[in-house]
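Below you'll find the structure, written out as structure tokens, and then a few comments.
Labels below follow one simple rule: chain letters A, B, ... track the order of the sequence lines, proteins then strands, and each chain is numbered from 1.
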Amino acid sequence: MAKKTIEKTWEPKEFEEKIYQKWESSGYFKPEINMKGNSGKVLGQLAYDREVNGKPFVISMPPPNVTGKLHMGHGMVVTVEDIMARYHRLLGEPTLWLPGTDHAGIATQTVVDKALRKEGINKNDLGREKFVEKVWEWKGKYGDIITSQIRRLGASCDWSRERFTLDDGLSLAVRRAFVDLYGKGLIYRGEYIVNWCPRCHTAIADDEVEHVEQKSKLYYFKYDKNFPITIATTRPETKLGDTAVAVNPSDKRYQRYIGKSFDVEIDGNKRQIKVVADRAVDAKFGTGAVGVTPAHSMVDWRMAEEHDLPVIKVINEEGRMTDEAGENYTGLKVTEAKEKLIAWLSCNNLLEKEDEYLNNLSVCYRCGGAVEPLPSKQWFVKMRPLAEKAKKVVEDGTIKIIPERFDKIYFHWMDNIRDWCISRQLWWGHQIPVWYKKNEKGEEEVFVGMQAPDGAGWVQDPDVLDTWFSSGLWPFSTLGWPDNIDSKKCEYPLPYAPGMTTCDYNYFYPTTVMETAYDIIFFWVARMIMFGLEFTGKAPFETVYFHGLVRDEHNRKMSKSLGNALDPLDLIPKYGTDAIRMALTVGSTPGQDIPVGEGKIKGFRNFSNKIWNASRYVMLRASEGDLKSGELGQTIVSDLKINGGLLTDADRDILKQHEEVKKKVTEHLNKFKFSLAGELLYDYFWHTFADVYIEASKGQLGEDVTAELNNNTRRVLLSVLSETLVMLHPFMPFVTEAVWQDLREVYPSLSESIMIAEWPG
RNA sequence: GCGCCCAUAGCUCAGUUGGUUAGAGCGUUACAUUGACAUUGUAGAGGUCAGAGGUUCGAGUCCUCUUGGGCGCACCA
């Protein structure tokens, strides 16, 4: 019978997709394989009980946006998490890596809106219901793309437990969380100044605002001739809404005006301007006097509260001037209003000078458009009480953050936390579970509950919740929380009973590791910790591991405009998934950005080939096959019992080093040092096992030496190789599995997949 | 403005309780190679570990300062 022929080079395209399908269909990604201590899979042995099965290893995958396309950042997430998942599975721990996708409110709505506009469809003509239907269609069409791409990266996650943030269960969790917080007084509604994005036409949270440095002008002027103080500002148009001028209390120049009010007229707008003293004012800046615009500046809003100043809204949600801005300005865009007012000031000799000035423009992190602070009625979460608990669990080590230095960043944020604006004026997302009705007296009644109240006339709040509200529940909402609540009868106050959980929640929660990029520490990680503590009474994970951001080989940010972004989907067919995974692992330290260029990936493609080829050599020699054709020989090795008496110096050296490597790799992985583990394996496999031992073994094989030495050498080769493959498997799953399958021809006692082998200990 | 981090070979970076002669990849130089390995091997060159001071028997590692770079928070006076 002709034996299998092994090609000279590793061709990832021939293997990767087939291998992945085999894994997935075999159920190897499910925690139920529970194959502790043996080399065959045992399905269905899980009792979902920590006392019976031990502690599981659990990771919730950061859910990518449903409309997203795979990029190197996903490559990093999948690589690091898959290394952990595969390692712990090899250790025999029931391992759950739970995948899913995020509805990504603003991002998705914008994408679909744009696409519809291209077809000539306006979302407002369509109406809310039809538009949301369209987004669901979109999700159905494109939602699977990202998950199939994640499969291409070799992710060993349990797709049978895949979740989406708008699933029924997760939506129930969102409503439950909202109602619960409202009941505790931690959610409130009110008219406050918020960051408004006129382009996305919604309020956004403080941390969704980014600052971009830009050149602008600082204008010095007086409101009118009768006003004694000159102010300086970069935004004259907002001054139409000024109700005060603030100076530093110790500024001698303005002492005599403090407390006085002046009637002024700014291009037809009559205003009363009060002079107030406030510590926040820097006497050295500008003229030392600030025009206070309560409605359109965060700082001024606070001053207005303290000094009891009126609020005049001169800019509306469209980014245009309101009626309050006066008839000369009503309806103008802010930029037009600015020009017009400067012209007027100049004509009336009120403009004293213009300085070049570098300031920070606030922009929306989603669309990049300028953010307009304005007062608006929104829902907020009271953060202080949540922050205190969340801070404590990191302080006392319940949650460990890697790298440690992020502790300080985390604490700093918690200490300076402000309330979180959670309502968004969008259609795509979780609609706020609040209903309003006007009663006979014309007053508004408010109902907060799991579903619409009985009776006619109730109208649900049209807004949806910030995407991060549902993401914050991810570690437990994906596992079934809050199961068993009768949603029909649920309303505030909730009949809350702890322990109403599913098997999954009961066994897998709290999770083990939260692995993600450090740039979403506040958006996501902090809020998961807060929500986890608040709703489950437990920290949602033990360890937070932050990987670095992937940059190009010159350490520049990857971006489309620079043209330096590497597309994993181009690179996978070219070099193989394993090469990309290694390139993302070796040289990557937690929290530290990592440069990755095509050259680096190429280097690890060579390594994939080295593994393939060195293994081919070992298999051919061990089976006494044909090195030229690659055909395996008839000899089968039945066991790997090594005869200590026959060991050569080379044997002893490699076995000793092998033990050392096993110990170190295990240590590194336990300490989350993936780079060191990967680098060590790379170096060991190539420059010790292949360059040194395989070379030495050539003199211990063949007709010139005894059959006993031949046999012993084969066993040393196979033993070291098979164990090294297992250690390499978490990093390079495909080539190791492909080799493993061939290796089974020569040494049939190996497990049917390397995924369910045993970690060499 | 407040805070955090970084500075190690030509380039990109490892080096976590202070401990032999400071490492890797890429690049570079020489040699070998019809080789298991179009993707190979062997050998080499290349570092006052940013600068100054301090602690110590001993500092790339700990402390202080200086210089240069990055980041976070706050802020559109």
Side-chain angles (χ1 to χ4, degrees), chain A residues 6 8-10 206-207 209 211-214 216 218-220 231-235 238-239 245-246 280-293 296-300 355 357-363 370-373 402-413 415-418 518-519 521-522 549 551-555 575 579 582-583 586-597 599-600 602-621 625 627-628 630 671 673 675-676 679-680 682-683 686-687 690-692 694-695 697-698:
Chain A
I6 300 170
K8 272 191 162 185
T9 52
W10 162 236
D206 291 338
D207 48 12
V209 177
H211 304 280
V212 184
E213 202 169 70
Q214 63 152 25
S216 64
L218 191 61
Y219 302 93
Y220 291 72
I231 57 163
T233 182
T234 54
R235 295 203 65 189
T238 64
K239 302 293 107 180
V245 162
V281 180
D282 178 1
K284 292 192 199 89
F285 189 92
T287 61
V290 190
V292 181
T293 319
H296 302 289
S297 156
M298 297 286 176
V299 183
D300 296 6
D355 277 353
Y357 180 63
L358 211 57
N359 78 336
N360 285 323
L361 181 70
S362 302
V363 297
V371 165
E372 202 62 69
I402 300 173
E404 247 174 57
R405 69 187 143 91
F406 279 92
D407 284 7
K408 284 175 189 162
I409 296 171
Y410 177 85
F411 293 146
H412 184 256
W413 189 73
D415 288 339
N416 294 287
I417 202 151
R418 293 197 290 173
Y518 64 79
D519 58 352
I521 178 170
F522 308 129
L549 307 180
R551 292 168 172 268
D552 78 359
E553 67 249 273
H554 304 294
N555 224 347
Y575 300 112
M582 276 300 266
V586 175
S588 168
T589 318
Q592 175 77 34
D593 294 350
I594 174 176
V596 177
K600 188 173 182 185
K602 214 169 171 177
F604 286 109
R605 187 270 317 266
N606 295 355
F607 180 52
S608 310
N609 195 57
K610 189 75 187 180
I611 293 172
W612 176 264
N613 198 271
S615 305
R616 173 178 182 268
Y617 175 82
V618 170
M619 289 185 268
L620 291 171
R621 294 303 301 257
L627 280 173
K628 275 231 160 64
K671 290 180 180 169
K673 297 186 178 186
S675 174
L676 290 180
E679 196 182 339
L680 176 59
Y682 171 92
D683 186 62
W686 198 325
H687 302 300
D691 289 350
V692 179
I694 286 185
E695 287 307 316
S697 77
K698 287 175 181 173

Could you list the protein-to-nucleotides 16-20 of chain B atom pairs, N/O on both sides, closer than 3.5 Å?
residue: B:U16; atom: N3; partner: A:Lys673; partner atom: NZ; Å: 3.4

Taking the same atom, [atom1], in [N] and in [M], what whole-Å distance lies between them?
{"N": "B:A22", "M": "B:C63", "atom1": "C1'", "value": "22 Å"}
{"N": "B:A9", "M": "B:G1", "atom1": "P", "value": "32 Å"}
{"N": "B:A14", "M": "B:G25", "atom1": "P", "value": "16 Å"}
{"N": "B:G3", "M": "B:A45", "atom1": "C1'", "value": "44 Å"}
{"N": "B:U61", "M": "B:C2", "atom1": "P", "value": "28 Å"}
{"N": "B:A50", "M": "B:G58", "atom1": "C1'", "value": "23 Å"}
{"N": "B:U34", "M": "B:G41", "atom1": "C1'", "value": "15 Å"}
{"N": "B:G47", "M": "B:A36", "atom1": "C1'", "value": "37 Å"}

Which one, [options], comes nearest to the side chain of [X]?
{"X": "A:Phe522", "options": "B:C75, B:C4, B:C73", "value": "B:C73"}
{"X": "A:Glu695", "options": "B:C76, B:C37, B:C73", "value": "B:C37"}
{"X": "A:Lys408", "options": "B:C76, B:C5, B:A36", "value": "B:C5"}
{"X": "A:His412", "options": "B:C5, B:G72, B:C37", "value": "B:G72"}

What is the separation between atom [atom1] on [X] and atom [atom2] on [N], rounded to the nearest whole Å?
{"X": "A:Asp683", "N": "B:G15", "atom1": "CG", "atom2": "P", "result": "16 Å"}
{"X": "A:Asn416", "N": "B:C75", "atom1": "CG", "atom2": "P", "result": "10 Å"}
{"X": "A:Asp415", "N": "B:C4", "atom1": "CG", "atom2": "P", "result": "13 Å"}
{"X": "A:Leu549", "N": "B:C5", "atom1": "CG", "atom2": "C1'", "result": "14 Å"}
{"X": "A:Phe604", "N": "B:U12", "atom1": "CZ", "atom2": "C1'", "result": "12 Å"}
{"X": "A:Arg418", "N": "B:C73", "atom1": "CZ", "atom2": "P", "result": "12 Å"}
{"X": "A:Ile594", "N": "B:U12", "atom1": "CD1", "atom2": "C1'", "result": "10 Å"}
{"X": "A:Lys239", "N": "B:C76", "atom1": "NZ", "atom2": "P", "result": "10 Å"}

message = A:Ile6: which residues meet the side chain to side chain contact (heavy atoms under 4.5 Å, CB included) condition with it, sequence neighbours left out?
response =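 Side chain to side chain contact (heavy atoms under 4.5 Å, CB included) list for A:Ile6, sorted by chain: A:Trp612, A:Arg616, A:Met619, A:Leu632, A:Asp742.
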query = For A:His211, which residues count as a side chain to side chain contact (heavy atoms under 4.5 Å, CB included) partner, sequence neighbours excluded?
reply =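 Partners of A:His211 under the side chain to side chain contact (heavy atoms under 4.5 Å, CB included) test: A:Val209, A:Asn360, A:Ser362.
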Under the side chain to side chain donor-acceptor pair (under 3.5 Å) test, residues paired with [X] that sit two or more places apart:
{"X": "A:Arg621", "answer": "A:Tyr617"}
{"X": "A:Glu679", "answer": "none"}
{"X": "A:Glu695", "answer": "A:Lys698"}
{"X": "A:Lys8", "answer": "none"}

request  = Would you kindly say whether A:Asp683 and A:His687 are connected by a side-chain donor-acceptor distance under 3.5 Å?
outcome  =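 The criterion, which ignores hydrogens and geometry beyond distance, is not satisfied for A:His687 and A:Asp683.
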Got a sec, which residues hit ring pair (Phe, Tyr, Trp, His ring centres under 6.0 Å) with [X], two or more places apart in sequence or on another chain?
{"X": "A:Phe604", "value": "A:Tyr682"}
{"X": "A:Tyr220", "value": "none"}
{"X": "A:Phe406", "value": "A:Tyr518, A:Phe546"}

ask   = Just the dot-bracket of RNA chain B, please: which string comes out with Watson-Crick or G-U pairs under 3.5 Å, [ ] for crossing, | for another strand?
value = (((((((..((((.....[...)))).(((((.......))))).....(((((..]....))))))))))))....
Could you list, one pair per line, each protein nitrogen or oxygen that sits under 3.5 Å from a nitrogen or oxygen of nucleotides 39-43 of chain B, together with the distance?
residue: B:U39; atom: O2; partner: A:Asn609; partner atom: ND2; Å: 2.8
residue: B:G41; atom: OP1; partner: A:Trp686; partner atom: NE1; Å: 2.3

ask   = Where each residue is assigned the nucleotide of RNA chain B containing its nearest heavy atom, which of A:Lys698 and A:Glu679 is assigned the position nearer the 5′ end?
value =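 Closer to the 5' end of RNA chain B: A:Glu679.
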ask   = Is any side-chain N or O of A:Ser297 closer than 4.0 Å to OP1 or OP2 of B:C76?
value =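 Looking at the OP1 and OP2 atoms of B:C76, one of them is under 4.0 Å from a side-chain N or O of A:Ser297.
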query = Is it true that a side-chain atom of A:Ser297 and a backbone atom of A:Asp300 form a donor plus acceptor pair closer than 3.5 Å?
reply =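 Yes; judged by distance alone, with no hydrogens or angles, the pair exists.
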